[in-house]
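Okay, structure first, notes after.
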Amino acid sequence: MHRRVVLLSAVALALAGALVPAGAAQASAPSGLDPRPVGWSGADSWSEYRSVLQYWTPQRMLAAQPLGTPPPRRSQSGGPTVGDPWASRNGTVQRSSWSTGGGATTRGAAWSVPGTQAAGARLQAVVPNSPGLRWVDGGSVVRTTGRVFFTTAEGGNASCSGSAVTSANESVVMTAGHCVKQNGAAHRNWVFVPAFDQGRRPFGTWVATRLLTTQQWNANEDINFDVAAAVVAPLQGRTLTDVVGGQGVAFNQPRGRQMFSFGYPAAQPFDGSRLIYCSGRTFNDTVQTRDQGLRCNMTGGSSGGPWFQGFNESTGLGWLNSVNSFKYDFAPQFMFGPFFGNEAMAVYQAAQRANTL
């Protein structure tokens, strides 16, 4: 399997940032890293494509272990570059911020986590609608969200989550950076299974031919840039979003908005067999990252699952605006996801322009 690593954008953007009190706008600081996305090949021939499909038997999928996340650490490279708001759904591009719609309203409440006061840390949150429940309302989110399976460099089979999104090539899955590369090595045998349900694969298994992540995750596994995209090959002559549909995407949107998070947690007390969701208003992490937080009890295996702004509970459609990334050991009831700034947008744009094989 050829693992060509290339830079995919020629735009150089300065990064800037500092930790600030929760609820305040978070600035950025120069990083010194080239912000262009990095990509490499997955299954880059039809013979390899067939080998990957044959590899993922039902038994291997059910035995795959939920991927753990690297411990977050205070970033030295600043936060994501914040640019002009940009959103797209079904090929329609919107270049301004938009109000979130759908989803129940919540009432605010401040909170602090025991043990963080000594470290000088305080977090603010809003009491959410759901800290983690099985999604039973149907809609497009059931078809577009799926489990991700791959083999790590150490040879173990593992799982994450991902989401099919609208794109020019109709073949893009958004997920977390550590779900494509971790501990300095790329994963292999990478597939996406939309609407996974207790081992059933109603819409098939989609093999990645291209994997992309941010320069910051590729170089330093900087948790602020834990974002990735996979380009999947057609299945039986049809593209991914032609079969399952695609969620919208949005970048450089305001913080502190109502979000719905989805994933397939596979670590206890979950087993990876059901689609789980959390919902609530996000808050800024001021402990070690420039991520956003959400009250959520999902566990390992949910990494890479989508966070939606403007989510409509009736249709199951929204704008993907972050992904499940990590948790703090001292606050396991809260999930954190990266801010989707210019770097995340560059990953998406490079993925939607890529060939599918």
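What you see below is based on every heavy atom in this structure, not just the backbone, and it leaves out hydrogens, waters and symmetry mates.
Note that CZ of R274 is 3.5 Å distant from CD of Q198, once rounded to the nearest 0.5 Å. In this structure, SG on C296 lies 10.5 Å from CZ on F334, to the nearest 0.5 angstrom. If you take CG on N169 and CG on L240, they are separated by 9.5 Å, rounding to the nearest 0.5 Å. Rounding to the nearest 0.5 Å gives a distance of 9.0 Å between OG1 of T175 and CG of N324. Atoms CG and CG, from L53 and L235 in turn, are 7.0 Å apart once rounded to the nearest 0.5 Å. Here CG of N355 is found 10.0 Å from OG of S171. Values are rounded to the nearest 0.5 Å.
Taking hydrophobic clusters as Ile, Leu, Val, Met, Phe, Trp and Tyr residues chained together by side-chain heavy-atom distances below 4.5 Å, W46 shares a cluster with V191. Neither M259 nor L317 shares a network with the other; the hydrophobic side chains, linked directly or stepwise wherever heavy atoms of I, L, V, M, F, W or Y lie under 4.5 Å apart, form separate groups for each.
Between the side chain of W307 and the main chain of F336, no donor-acceptor pair closer than 3.5 Å is present. Side-chain atoms of D226 come within 3.5 Å of backbone atoms of G177 as a donor-acceptor pair (strictly under, hydrogens ignored). Between the K327 side chain and the M298 main chain, a donor and an acceptor come within less than 3.5 Å of each other. Looking only at distances, a side-chain donor or acceptor of Q65 sits under 3.5 Å from a matching main-chain atom of A63. Judged purely by atom type and a 3.5 angstrom limit, R143 uses its side chain to pair as donor or acceptor with the backbone of V243. Although no hydrogens or angles enter the test, the distance criterion places a donor-acceptor pair under 3.5 Å between the side chain of T209 and the main chain of T356. With N157 contributing its side chain and F149 its backbone, the two residues share no donor-acceptor pair below 3.5 Å. With E343 contributing its side chain and Q215 its backbone, the two residues share no donor-acceptor pair below 3.5 Å. No donor-acceptor pair under 3.5 Å is formed between the side chain of R147 and the backbone N or O of S273. Checked by atom type and distance alone, the side chain of T213 never pairs as donor or acceptor with a backbone atom of V38 at under 3.5 Å.
Defined by atom type and a distance below 3.5 Å, a donor-acceptor pair is present between the side-chain atoms of N321 and Q309. For N252 and D84, the side-chain atoms include no donor-acceptor pair closer than 3.5 Å. Residues N220 and D222 have side chains that never bring a donor and an acceptor to within less than 3.5 angstrom of each other. With no hydrogens or angles considered, a side-chain donor-acceptor pair links T144 and Q247 at under 3.5 Å. Side-chain atoms of T151 and N189 include a donor-acceptor pair closer than 3.5 Å. Side-chain contact of T299 with Q268: a donor-acceptor pair under 3.5 Å is absent, judged by distance alone.
Residues D291 and N224 meet the side-chain proximity criterion, which asks for heavy atoms closer than 4.5 Å. Side-chain contact between Q258 and S279 is present, with heavy atoms from C-beta onward closer than 4.5 Å. Side-chain contact check for T152 versus F150: some heavy-atom pair is nearer than 4.5 Å. With contacts defined as side-chain heavy-atom distances shorter than 4.5 Å, the pair V227/M174 qualifies. Inter-residue side-chain proximity for F225 and V347 is flagged as unmet; no heavy-atom pair is nearer than 4.5 Å. By the 4.5 Å heavy-atom criterion applied to side chains, L275 and Y264 are counted as neighbours. Looking only at side-chain heavy atoms (C-beta outward), S303 and L67 stay at 4.5 Å or farther from each other.
In this structure, F308 has its ring center no closer than 6.0 Å to that of F260. Aromatic ring centres of W135 and F311 lie closer together than 6.0 Å. Here the two rings, on Y348 and F251, have centers that are under 6.0 Å apart.
Between G337 and S322, the shortest heavy-atom contact is C-OG, 3.2 Å. The two residues G42 and E48 come nearest to each other via the heavy atoms O-OE2, 3.6 Å. Taking all atoms of both residues into account, the shortest heavy-atom contact from R134 to I276 is CA-CD1, 3.7 Å. Heavy atoms only, all atoms of each residue included: S161 and S302 are closest at OG-CA, 3.5 Å. Minimum heavy-atom separation, R201 to W56: NH1-O, 3.3 Å. Residues T241 and A164 share a closest heavy-atom pair of CG2-CB, 4.4 Å.
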For F340 and Q253: C-alpha separation, side-chain torsions, deciding distance, then whether side chain to side chain contact (heavy atoms under 4.5 Å, CB included) applies. CA-CA 8 Å; F340 268 26; Q253 300 296 316; over 6 Å; no
If you apply the rule side chain to side chain contact (heavy atoms under 4.5 Å, CB included), what do you find for N342 with W86, and how did you get there? CA-CA 10 Å; N342 285 347; W86 191 97; over 6 Å; no
Residues V148, F196; criterion side chain to side chain contact (heavy atoms under 4.5 Å, CB included); working and verdict: CA-CA 10 Å; V148 167; F196 185 91; over 6 Å; no
For Y277 and T145: C-alpha separation, side-chain torsions, deciding distance, then whether side chain to side chain contact (heavy atoms under 4.5 Å, CB included) applies. CA-CA 11 Å; Y277 83 102; T145 309; over 6 Å; no
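By the 4.0 Å N-to-carboxylate-O rule, R290 lies too far from D285 to be salt-bridged with it.
Taking the six-membered ring where tryptophan is involved, the planes of H178 and W217 are tilted, since the angle between them lies from 30° to 60°.
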